[in-house]
Number of protein chains: 2
Amino acid sequence: MRQPAGRSARRSGGERKPREERWAELIEVATQVFYEKGYDGASLQDIADRLGMLKGSLYYYIQSKEDLLFDVISTVHRDGLAVVRARAEVEGSPLEKLESVIVGHVEHTCRNLVPTAVFLHELSALPIDRRKEVLGSEHAYQGVFRDLIEQAQRQGDVRADLDPRLAALSVLGSTNWVYRWFRPGGAFTPEQIGSELAEMSIRGIATEKALAARA
Amino acid sequence: MRQPAGRSARRSGGERKPREERWAELIEVATQVFYEKGYDGASLQDIADRLGMLKGSLYYYIQSKEDLLFDVISTVHRDGLAVVRARAEVEGSPLEKLESVIVGHVEHTCRNLVPTAVFLHELSALPIDRRKEVLGSEHAYQGVFRDLIEQAQRQGDVRADLDPRLAALSVLGSTNWVYRWFRPGGAFTPEQIGSELAEMSIRGIATEKALAARA
DNA sequence: CCTACCGATCGGTAGG
DNA sequence: CCTACCGATCGGTAGG
């Protein structure tokens, strides 16, 4: 790790910032620009402009444009996965866990709208090996939902005739879609959306027995 | 409308085709390339290569790259909207209509996977006026779902405490998401997916009374 | 449809 | 971080 050099000429007279701090700014700006223009539509020039540096100077921090996308995507995916896994491990029945997982997932999505949108839109811009590095072995995210649905099904809390994969995809669709319409300060809070979507999802797949016991 | 000129030199010896036929090929190829690479990642060179013509020759058919995207997107949107509107008008209760609309929407999505994916991913690449031209006044698509949910709610078939907008977005999320995981020849047929997603959606929002009457 | 081009911009690099 | 640069490619055009 090289250290930034000392007193060279600056572009707009600002103080040079520590590497870590500048890196954080870089990622924040890159996230925003990828969100607005898409990965391919965004240029390093756009990003450099907003940071007040020259395009070539970005290579002091990165090896390639792709590094920026990878950081944005892997961070939001790792954090989101941690949220749902934590909620899948607390005390409770599988159906109760699933409800909590859905709420956590939706709230995390609302609170990380921009990086989540980049993740869901631009994952395909990563080469396949880095894509796998992000997603982990198997569909980790999807697996959390499907496993809980299967467990709930064995307990008679989810309808027996339902395919757990299909049910998981239905729930993930309903919840992930939030990234397309949620607006901070809009008609609904993340908590409202989380609890309402969870309610609809649970009712959509649960047995009458489980629903009666819940009330 | 100019007619293609007669006997000029050809690139690979093939016969020159009628304008309409060639235009259909152009759109088909463009749809596929936009799907694979995204609109910004796709070049007119890519498209011309697959058609066996030169990049500049594309301008015999189009005025700009954007024309291609606009055609792809407006066609699939128009067709999909026609499907759900037709099903919203047949005989039946609002809840029955909604179920039919969901089935139709999902099956249309499965059978038009590639253009649907381009629509859902690249709409934002269109300038705002052409975007509005595609979507029509207000959110036409979303409106079909929301209106039916509101009507069903007035009849006591959808839970009274549910926000119809939120419910519509939940259903649209679950069903639109199909474009990300459906594979022709995979584990599920479009009919299966349509009927299962509809079942989950209806159960998720309906009152117990309506569900009992349905069975 | 092809020939033959153009200006602009892209991601990226050597050297300091 | 800046200076100064490169090869490649982009969408698009004039003229036939």
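Just so we're clear, the structure is a prediction, and the values are computed from it rather than from any experiment.
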Mind calculating the distance between [atom1] ([X]) and [atom2] ([N]) to the nearest angstrom?
{"X": "B:Leu44", "N": "C:dC1", "atom1": "CG", "atom2": "P", "value": "15 Å"}
{"X": "B:Gln45", "N": "C:dC10", "atom1": "CD", "atom2": "P", "value": "19 Å"}
{"X": "B:Ile62", "N": "D:dG12", "atom1": "CD1", "atom2": "C1'", "value": "9 Å"}
{"X": "A:Leu58", "N": "C:dG12", "atom1": "CG", "atom2": "P", "value": "10 Å"}
{"X": "B:Asp67", "N": "D:dG11", "atom1": "CG", "atom2": "P", "value": "13 Å"}
{"X": "B:Lys65", "N": "D:dT9", "atom1": "NZ", "atom2": "P", "value": "15 Å"}
{"X": "B:Arg19", "N": "C:dC1", "atom1": "CZ", "atom2": "P", "value": "10 Å"}
{"X": "A:Asp49", "N": "D:dC2", "atom1": "CG", "atom2": "P", "value": "12 Å"}

Next item on the list: Residues of residues 22-43 of chain B with any non-hydrogen atom less than 4.0 angstrom from an atom of DNA chain D: list those, numerically ordered, please.
Entry: B:Ala42, B:Ser43
Note to self: For C:dT13 and A:Tyr59 - does any side-chain N or O of the residue sit under 4.0 Å from the phosphate oxygens OP1/OP2?
What the structure shows: no
Margin query: For B:Tyr60, does the six-membered ring have the charged nitrogen or CZ of B:Arg19 within the cation-pi criterion, i.e. under 6.0 angstrom from the centroid and within 45° of the normal?
Written below: yes
Next item on the list: Cation-pi check, A:Arg85 to A:Tyr141: give yes when NZ or CZ is under 6.0 Å from the six-membered ring centre and within 45° of the ring axis, no otherwise.
Entry: no
Note to self: Among D:dC1, D:dG12, C:dT3, which nucleotide has an atom closest to any side-chain atom of B:Ser64?
What the structure shows: D:dG12
Notebook entry, point to check: Of all the nucleotides listed (D:dG11, C:dG12, C:dC2), which has the minimum atom distance to the side chain of B:Ser57?
Noted result: C:dC2
Minimum heavy-atom distance between [X] and [Y], given as atom pair plus value:
{"X": "A:Val144", "Y": "A:Ala88", "answer": "CG1-CB, 4.2 Å"}
{"X": "B:Ser74", "Y": "B:Val134", "answer": "CB-CG2, 4.1 Å"}
{"X": "A:Gln192", "Y": "A:Phe188", "answer": "OE1-CA, 3.3 Å"}

Item checked: Validation row: B:Val178, B:Leu197 side chains within 4.5 angstrom (heavy atoms) -> yes
Note to self: Quick check: do B:Asp163 and A:Glu196 have side-chain heavy atoms less than 4.5 Å from each other?
What the structure shows: no
Next item on the list: Kindly express the pairing pattern of DNA chain D in dot-bracket notation, using | wherever a base pairs with another strand and counting only Watson-Crick or G-U pairs under 3.5 Å.
Entry: ||||||||||||||||
Margin query: Using a distance-only criterion (donor-acceptor N/O pair, under 3.5 Å, no hydrogens), is the base of D:dG11 paired with the side chain of B:Lys55?
Written below: yes
Margin query: Counting only heavy atoms from other residues, nucleotides and ligands, does the tally under 6.0 Å from CD of B:Gln151 exceed 12?
Written below: yes
Output a table of donor-acceptor pairs, distance under 3.5 Å, between side-chain atoms of residues 34-44 of chain A and any protein atom two or more places apart or on a different chain; print 'none' if there are none.
residue, atom, partner, partner atom, Å
A:Glu36, OE1, A:Arg50, NH2, 2.7
A:Glu36, OE2, A:Gln32, NE2, 2.9
A:Lys37, NZ, A:Asp46, OD1, 3.4
A:Lys37, NZ, A:Asp46, OD2, 3.4
A:Tyr39, OH, A:Glu66, N, 3.2
A:Ser43, OG, A:Gln45, N, 3.4
A:Ser43, OG, A:Asp46, N, 3.1
A:Ser43, OG, A:Asp46, OD2, 3.2

